[in-house]
Amino acid sequence: KQIKKFKYFKTSLIHNSPDVIISFGDKTNIEVLIACFFNNKIKLIVSEQSDLRMHKINSRLNFLRSYIYNKAQYVVVISEGLFDFVPQDIGHG
C-alpha cells in the first residue's frame, strides 16, 4: 500500500510539475517529502495539525520525520507552544 502511494506521488509530481506543494498530516508529509527528495525545484511546505508532544507515530516514521522535515522550506505548527518543541524534534527553527 505504501509503495503504491509513493508511486502515485512520484507520478503526480512528474506529470503536474508543481512549483509548491503544501502537505498536511504526519505520514503524508513524510511520503511527499520522500517523493520530492531529489527534486530541488519544488518548494515544500509541511503542516503539522496535531500536537507532536501528544500524537506519537511509530519510531521508524518518527526517525524519518526528524531527518526529512529538514528538506522542507517551511514547517507550520498549530500553536506557538509547539514552535519551541519542533526544533528539538524535527530540526527546524
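Considering all non-hydrogen atoms of both residues, Ile42 and Pro18 come closest at CG1-O, 3.5 Å.
In this structure, the side chains of Thr28 and Phe9 come closer than 4.5 Å at one or more pairs of heavy atoms.
When each of Leu44, Val46, Asn70 is tested with Val75 by the rule side-chain contact (heavy atoms from CB on, under 4.5 Å), just one qualifies, namely Val46.
For residues 10-25, the set of pairs meeting the side-chain hydrogen bond (donor to acceptor under 3.5 Å, both in side chains) definition, not counting sequence neighbours, comprises Ser23-Asn29. Residue pairs meeting the salt bridge (charged side-chain N to carboxylate O under 4.0 Å, His left out) criterion with at least one partner in residues 27-43, sequence neighbours excluded, are Lys5-Glu31.
Under a hydrophobic clustering in which Ile, Leu, Val, Met, Phe, Trp and Tyr are joined whenever their side-chain heavy atoms come within less than 4.5 Å, directly or via other members, Ile34 and Ile14 fall into different clusters.
Formation of a donor-acceptor pair under 3.5 Å by the Gln73 side chain with backbone atoms of Ile45 is not found in this model.
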Next item on the list: Evaluate side-chain contact (heavy atoms from CB on, under 4.5 Å) for Ile21 paired with Val32, printing each intermediate quantity in order.
Entry: CA-CA 9 Å; Ile21 294 175; Val32 170; 3.8 Å; yes
